[in-house]
Amino acid sequence: MAKPKLLLIDGNSLAFRAFYALINQVDRFVNHEGLHTNALVGFNNLLDGIVDPFKPDKALVAWDAGKTTFRTNTYDDYKGNRDKTPSELVEQFEPLRKMVELHGIKNYQLVDYEADDIIGTIAKQGELDGFAVTIVTGDRDMRQLVSDNITVWLTKKGITEIDKYTPELVAEVYGGLTPEQVVEVKGLQGDPSDNYPGVPGIGEKTAIALIQAYNTIPELYENIDAMKKSKRKENLIAYKHDAFLSRDLARIRTDAPLQISLSDLDYQGIQYEALIPFYQHLDFKQQLVKMANQGYTISGEKASAQQPIEVRELTANNLAHIENLGNEVDFYLEMDGENYHRAAAVGFVIGNAEHGYFASRDLELLYQDTPVYRCLVNSDVKKNVFNAKATYVALHRLNVPLDGVDFDLLLVAYLLDVNDNNNDLGALAHENNYFDVATDEEVYGKGAKFAVPENNQDFFEHLGRKAQAIGCLKNDMFEQLKAHEQMALYTDIELPLTFVLAEMEITGITVNADRLLSMQSKLIERLSELEQTIYQQAGHEFNIQSPKQLGVILFEEMGLKPLKKTKTGYSTSVEVLEQMTDVPMVESILQYRQLAKIQSTYVEGLLRVIHGSDSKVHTRYLQTLTQTGRLSSVDPNLQNIPVRLEEGRQIRTAFVPSHAGWSILSADYSQIELRVLADITGDPHMKDAFINDEDIHAATARRIFNIPAEVPVDGNMRRQAKAVNFGIVYGISDFGLAKNIGTDRATAKQIIDTYLNEYAGVKTWTTEIIEFAREHGYVETIAHRRRYLADIKAKNFNLRSFAERTAMNSPIQGSAADIIKIAMIKMQQTLQAKQLKSKMLLQVHDELIFEVPAEELDIMHELIVKIMDSAVKLSVPLKVETHEGKTWYDAK
DNA sequence: TCTCTCACG
DNA sequence: ACGTACGTGAGAGAC
């Protein structure tokens with residue numbers, strides 16, 4: 001029989017985690033009485049997401065009792081450097097306990113002891129009494145309690161992601177040490193956050209190595225005389241007292257004098273009825289809606305179960321209603337899949353709050369000359385939609401040329417917070433405090449279970465609620481755009497761009513399938529030859545495409561030295577394999593990988609998505625996904641077609657114009673990101689280089705390697721300078737640069753320092769932009785595209801460093817994205833105004849691809865350059881290069 | 001569904 | 001002492 005389950009939760013540690021996970025939005029989570037609720041929200045998610053599904057037999061949430069404990073008695077400064085707990089969190093402790101109680105779990109605290117000691121003591125008792133014990137905490141030191149019967153669930157980032165620590169995982173993380181040895185490591189290492197010292201100069205790595213060698217701190221000191229003379233030895237001796245003190249402080253007690261026992265901890269289950277008023281008090285609307293949907297009655301003023309909505313079925317007989325909707329309507333077209341180039345429209349809804357909503361499955365009601373059609377194509381009637389591009393393309397397939405779109409909920413939500421990648425209407429509405437609509441997953445299910453309801457009432461109600469949500473959210477979200485100075489970004493860039501992209505997607509690009517098929521047969525032949533060679537070289541057959549199997553062969557059977565590891569085993573990536581090309585098999589593997597990639601991703605992948613009707617591929621540009629404002633391309637991704645290696649580049653010969661005699665014309669911005677950098681930082685040297693149209697990498701090389709004007713820049717120096725320029729754009733580190741140019745770290749650091757001295761404007765800007773991000777919590781582009789950086793103040797070095805690099809990179813990458821988007825809009829307008837036959841087909845971040853009839857080639861070269869380089873006025877010139885050819889391959 | 005690898009700017 | 005360059009999508013294997 002399975003063991004009974006005992007669940008122990010570290011209330012304090014998790015409340016802090018929950019609080020700080022949502023610290024950026026602390027002022028958004030406030031109830032009607034002014035009580036902050038961010039920690040409560042996070043803790044509730046934890047209880048719902050982890051505890052309730054766990055179904056424990058017994059459970060306890062342990063809390064700290066107060067500031068003084070036996071540890072502060074031993075060591076005055078214990079946790080002495082902690083900031084005072086913010087009052088916004090303090091006020092949440094009482095309701096947190098209540099929340100725990102209503103979830104059927106006992107709270108407990110004990111004077112002079114911390115939550116960990118309570119948990120340690122109960123955990124050991126539980127283990128003795130035959131329970132399977134699980135501890136949930138954010139405190140890494142709790143891993144000392146792990147045993148065969150005690151698992152520690154440690155929260156990672158945020159509070160819903162966890163690592164489950166068993167003795168095996170502890171050993172893995174601590175280089176083979178046991179859970180008991182965690183305190184030995186901590187003793188040497190100390191803990192700055194709890195303000196206890198350890199031994200100076202010893203960090204986690206060294207501490208682990210020492211404990212691996214000596215087992216425990218006492219044993220280490222017994223043998224210390226035999227240790228080689230070193231600074232470390234001196235420190236160990238000098239700080240012996242601190243080591244023992246820290247070890248003692250880190251040890252969790254398992255003998256706290258508790259006044260409760262296991263028999264008091266029976267898990268009672270959730271007290272649903274009592275939770276309702278509690279959630280009402282906290283204004284947990286979403287939880288209440290969920291409970292209402294589960295059939296609980298929610299009454300009172302604060303009740304937030306969905307309000308009833310009336311959605312009438314639209315038929316051929318009541319179309320007159322549509323004539324009377326006025327000059328603003330909410331519209332939503334439902335499809336049965338996400339690829340709107342192929343998915344079938346299955347229903348629609350139209351209406352507004354004033355005149356009601358009308359839904360139907362009958363698409364004929366949209367056809368030409370119906371009132372719905374007239375409404376949709378009339379530019380004087382404002383349309384509020386969700387995902388204008390999808391709606392436009394799908395309606396285009398039904399021969400309805402949508403016009404007059406004013407509000408696109410998806411697009412606006414993205415501009416307000418690019419972090420939020422949720423593409424579900426219901427979920428986005430909830431995030432904007434609108435709860436009168438469910439998510440698609442709740443109504444339609446997901447994956448294989450996805451199905452639009454057969455029942456008209458359910459289906460139309462959901463559609464009606466969606467349209468209503470769009471209409472209701474419009475004003476508030478427009479206000480937010482204005483407050484962020486993003487209205488122009490929306491009306492002048494993103495919204496017009498949506499329709500430019502829609503047209504490009506609809507136009508598609510012709511792919512010569514025969515060409516791909518002939519490449520395919522050659523590839524298959526070469527791959528099978530290589531396969532046989534590799535099997536011979538390995539001595540047996542195996543799956544070449546499995547990194548796991550390949551790792552075993554290379555690093556175990558053949559005894560090669562593993563140069564790099566991944567989370568799960570040996571790395572076999574190109575950078576590793578390229579260092580062992582003296583082994584013939586490795587050469588073959590690299591060759592095989594290269595060809596297999598071309599064959600599966602590009603040849604087969606593209607053949608799969610060519611539309612039978614027009615021999616074209618129609619990608620979808622995702623306009624609301626990237627954190628920087630770039631587009632992305634899916635189904636197929638046409639932004640990563642091979643170009644660097646000749647073998648792959650051949651794929652481009654299959655991309656051809658859609659008419660005989662036409663050409664492919666490509667136009668790319670030269671060094672757009674560095675030009676943006678020069679403009680934003682205002683650095684005079686960098687600007688001069690661009691104003692004088694110099695080779696920027698050579699110019700950089702001259703400055704960082706101090707090469708006089710009369711001496712030519714050699715290729716290697718230019719290559720290094722180029723890497724530095726890239727590094728600057730990405731938010732440089734000496735390690736990263738060293739890896740990239742193959743020098744040591746000190747040299748890389750030297751180069752970076754020289755660069756920043758030479759280009760002082762860049763240096764100043766990088767400090768300022770990080771400063772700005774710290775102060776405001778976000779950075780923005782020249783068009784006010786905003787990116788929030790939640791981790792900019794993180795204590796964790798890695799998270800913070802990443803946020804700092806992002807603060808430098810996003811304005812640059814994002815401003816470059818702004819520029820090409822503006823150029824695309826102007827380009828499309830000009831093609832139309834001049835009634836040219838040429839079509840814009842693709843965008844690849846800094847490059848636009850067109851198909852052009854012979855008679856328009858000259859004018860197009862000229863027009864494109866003119867429009868692209870004048871899209872935005874910067875303090876440095878923009879430079880555009882064009883190329884034409886019979887295929888995309890030849891347009892180089 | 002996650003991880004690894006590799007294609008692009 | 002930390003572990004490192006920014007932004008993407010897709011296919012294949014392993015679980």
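First the proteins, then the strands, lettered A, B, ... as listed; each starts at 1.
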* Structure fact -> With a 4.0 Å cut-off (strictly under) to non-hydrogen atoms of chain A, the first and last hit nts on DNA chain C, 5' to 3', are C:dA1 to C:dC15
* Checking all strands, does A:Val634 fall into the base, sugar-phosphate, or nothing category for heavy-atom contacts under 4.0 angstrom? -> sugar-phosphate
* Asked: Is A:Glu441 close to A:Asp424 at the side-chain level, that is, under 4.5 Å between some pair of heavy atoms?
  -> no
* Would you mind checking if A:Arg675 and A:Asp679 are paired as a salt bridge, meaning a charged N to carboxylate O distance below 4.0 Å? => no
* To do: Could you check A:Arg652, A:Lys522, A:Arg593, A:Arg526 and say which one makes a salt bridge (Lys or Arg N to Asp or Glu O under 4.0 Å) with A:Glu647?
  => A:Arg526
* Test A:Arg143 against A:Tyr174 for side-chain hydrogen bond (donor to acceptor under 3.5 Å, both in side chains), laying out the working first. => CA-CA 10 Å; A:Arg143 290 177 291 185; A:Tyr174 275 93; 3.3 Å; yes
* Touch check for A:Thr626, heavy atoms < 4.0 angstrom, all strands: base, sugar-phosphate only, or nothing? -> sugar-phosphate
* In terms of side-chain heavy atoms, does A:Asn798 have a donor or acceptor partner in A:Ser801 at a distance below 3.5 Å? -> no
* Rounded P spacing from B:dC6 to C:dA1 in Å -> 34 Å
* Asked: Reckon A:Asp635 touches a base, only the sugar-phosphate, or nothing at all at heavy-atom distances under 4.0 Å?
  -> sugar-phosphate
* To do: Describe the nucleic acid contact of A:Ala723 in one word from base, sugar-phosphate, nothing, applying a heavy-atom distance below 4.0 Å.
  => base
* Judged by modelled atom types alone, do A:Gln639 and A:Tyr621 share a side-chain donor-acceptor pair under 3.5 Å? -> no
* Mind checking whether A:His611 and A:His618 have parallel, tilted or perpendicular rings, split at 30° and 60°? -> perpendicular
* side chain to side chain donor-acceptor pair (under 3.5 Å) partners for A:Arg718, two or more places apart -> A:Asp695
* Structure fact -> Quick tally for nucleotides 2-9 of chain B: nucleotides whose base has a protein heavy atom under 4.0 Å get B, sugar-phosphate-only ones S, the rest -, giving -SSSBBBB
* Taking the same atom, P, in C:dG3 and in B:dA7, what whole-Å distance lies between them? -> 29 Å
* Would you please name every residue forming a salt bridge (Lys or Arg N to Asp or Glu O under 4.0 Å) with A:Glu494, sequence neighbours left out? => A:Arg785, A:Lys821
* Verify whether one side chain among A:Gln591 and A:Glu587 offers a donor that lies under 3.5 Å from an acceptor in the other. => no
* Asked: Looking across every strand, which nucleic acid part, if any, lies under 4.0 Å from A:Leu631 by heavy atom: base, sugar-phosphate, or nothing?
  -> nothing
* Describe the nucleic acid contact of A:Asn543 in one word from base, sugar-phosphate, nothing, applying a heavy-atom distance below 4.0 Å. => sugar-phosphate
* Quick one: side-chain contact (heavy atoms from CB on, under 4.5 Å) partners of A:Ser573, sequence neighbours excluded? -> A:Lys564, A:Ser571, A:Glu575, A:Val576
* 5' precedence on DNA chain C between A:Arg608 and A:Arg745 (nearest-nucleotide basis) -> A:Arg745
* Asked: Which string of ( ) [ ] | and . matches DNA chain C, if you list each base 5' to 3' and count Watson-Crick or G-U pairs only when both distances are under 3.5 Å?
  -> .....|||||||||.
